[in-house]
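Below is one structure, written out as structure tokens; the observations come after it.
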Amino acid sequence: MAILKAVIPAAGLGTRLLPATKSQPKEMLPIVDRPAIQYVVEEAIGSGIRDLLIITGRGKRSLEDHFDRAVELESFLLAKDDNRMITTLREIAEGADFFFIRQKEPKGLGHAVSCARRHIANEPFAVMLGDDIFVSEPPALAQMMDFYERQPGIIVAIQEVPVAQTSLYGIVSGATVSDSVFRVDDLVEKPAAGTAPSNLAIVGRYIFPPEIFEALDRTEPDARGEIQLTDAIRKLINHVPIYGYRFTGKRYDIGSRLSYLTTNIELALQRPDLHDDLLVFLKELVGEKLPT
Ligand code: UTP
């Protein structure tokens, strides 16, 4: 069955980026000149998905506004003959059908995904984290969907991370099948330092069969009261084949101060309109004002 819908959880509190996220969703923070979540939405659309459910929460209304038409703004731009920007704004609102549901309490990523149950009903679907940007051609999700068509099951994007960082991720164990495919036989959420079964981390893209909802129902909250998606996947190990997919491309996690800043710089350097001037600035900055 084809993947037609994607769920984008964006209801977290974004505490690592406070105070910037006090009254503004982390997913709406700008990366160069667009909110982080717009990159995620563009990846979904580039992968052929036109039905997007965004999981929001309190104080996250700007997410809905961003993916809506801005008629007043368009009239203003029309008066200035800025047709290019009008087209850009309309494309944001009209590229897909957007649906929104609120996670009433931020009880973890697994709980956020379970909020999608009624919208998804009985089909396989994608989950794309709203604070993880993947830059690749073809889009990372399209690569995973292509694999899923040949090998249905649960597909999780995986990436090698430094051993010192394994305690920040869900980590898989299993066997390599090919350059891009890893057969998962177990997975553990945020293993304590020194106990990770590998350095292959689950990163923000997933494909699930609808059975994940029933597994989420059976998943107990962890010590912090959060329902972890990794724990629900683990419950399906003996029922559904689980594959880690090493996508081609690069991932940018914008969730910490440093990664937010470096993502901005790197993606700005990839932009032809900004590359040269930014590089001159960075070279001068480093050459002339290197901290002592
Ligand atoms: P994170 O753990 O990176 O986001 O969740 P967070 O909890 O907002 O951030 P910190 O740790 O407090 O800084 C990954 C994704 O899952 C969503 C987040 O919005 C983010 O896109 N999420 C997380 C939810 O939708 N609901 C939750 O209860 C938790």
Side-chain angles (χ1 to χ4, degrees), residues 6-31 34-44 52-64 66-67 98-117 119-120 125-134 140-141 156-159 161 165-171 189-191 201-206 208 212-213 216-217 219-233 251-263:
V7 175
I8 305 182
L13 295 177
T15 54
R16 283 168 297 158
L17 290 178
L18 281 169
T21 45
K22 184 181 174 200
S23 64
Q24 185 182 206
K26 167 170 65 172
E27 297 76 9
M28 283 300 291
L29 292 178
I31 303 296
R34 40 198 152 140
I37 195 168
Q38 196 181 317
Y39 292 83
V40 180
V41 165
E42 285 169 6
E43 182 191 334
L52 289 167
L53 176 67
I54 301 182
I55 313 290
T56 70
R58 280 178 73 77
K60 300 248 181 182
R61 202 167 294 160
S62 58
L63 281 162
E64 296 181 35
H66 186 71
F67 293 105
F98 293 96
F99 301 89
F100 300 90
I101 190 164
R102 280 191 176 203
Q103 184 187 14
K104 307 283 185 296
E105 277 177 88
K107 289 199 289 190
L109 177 58
H111 181 256
V113 171
S114 70
C115 296
R117 186 178 205 148
H119 184 84
I120 297 297
F125 64 103
V127 170
M128 311 172 79
L129 298 196
D131 60 350
D132 245 359
I133 295 173
F134 286 60
L141 183 64
V156 297
I158 54 168
Q159 182 177 48
V161 296
Q165 288 179 19
T166 49
S167 56
L168 303 173
Y169 291 90
I171 301 290
E189 181 63 21
K190 298 191 176 70
I202 303 174
V203 290
R205 300 291 180 268
Y206 310 77
F208 288 119
I212 192 70
F213 293 116
L216 282 163
D217 283 348
T219 303
E220 295 294 325
D222 65 9
R224 298 194 321 175
E226 295 190 347
I227 296 177
Q228 296 297 347
L229 189 54
T230 310
D231 294 340
I233 300 173
R251 161 185 170 259
Y252 302 87
D253 163 18
I254 65 131
S256 74
R257 284 176 173 75
L258 183 62
S259 64
Y260 176 71
L261 292 170
T262 53
T263 300

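Numbering of ligands and ligand atoms starts at 1, following listing order.
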Please state whether the rings of F99 and H119 are parallel, tilted or perpendicular, taking 30° and 60° as the class boundaries. tilted
Using a threshold of 4.0 angstrom between heavy atoms of the protein and any atom of ligand 1, which residues qualify? P9, A10, A11, G12, L13, G14, T15, R16, K26, E27, Q103, P106, K107, G108, L109, A112, L129, G130, D131
Determine, for D222 against K107, whether the closest basic-nitrogen to carboxylate-oxygen distance falls under 4.0 angstrom. no
Between Q103 (side chain) and E105 (backbone), is there a donor-acceptor pair under 3.5 Å? yes
Checking Q38 against H66 for the side-chain hydrogen bond (donor to acceptor under 3.5 Å, both in side chains) test, could you report, in this order, the C-alpha distance in whole Å, the side-chain angles of both residues, the deciding distance, and whether it holds? CA-CA 9 Å; Q38 196 181 317; H66 186 71; 2.9 Å; yes
Taking the side chain as every heavy atom from C-beta outward, state whether V203 and R251 have any atom pair closer than 4.5 Å. yes
Regarding S259 and T262, is there a side-chain donor-to-acceptor distance under 3.5 Å anywhere? no
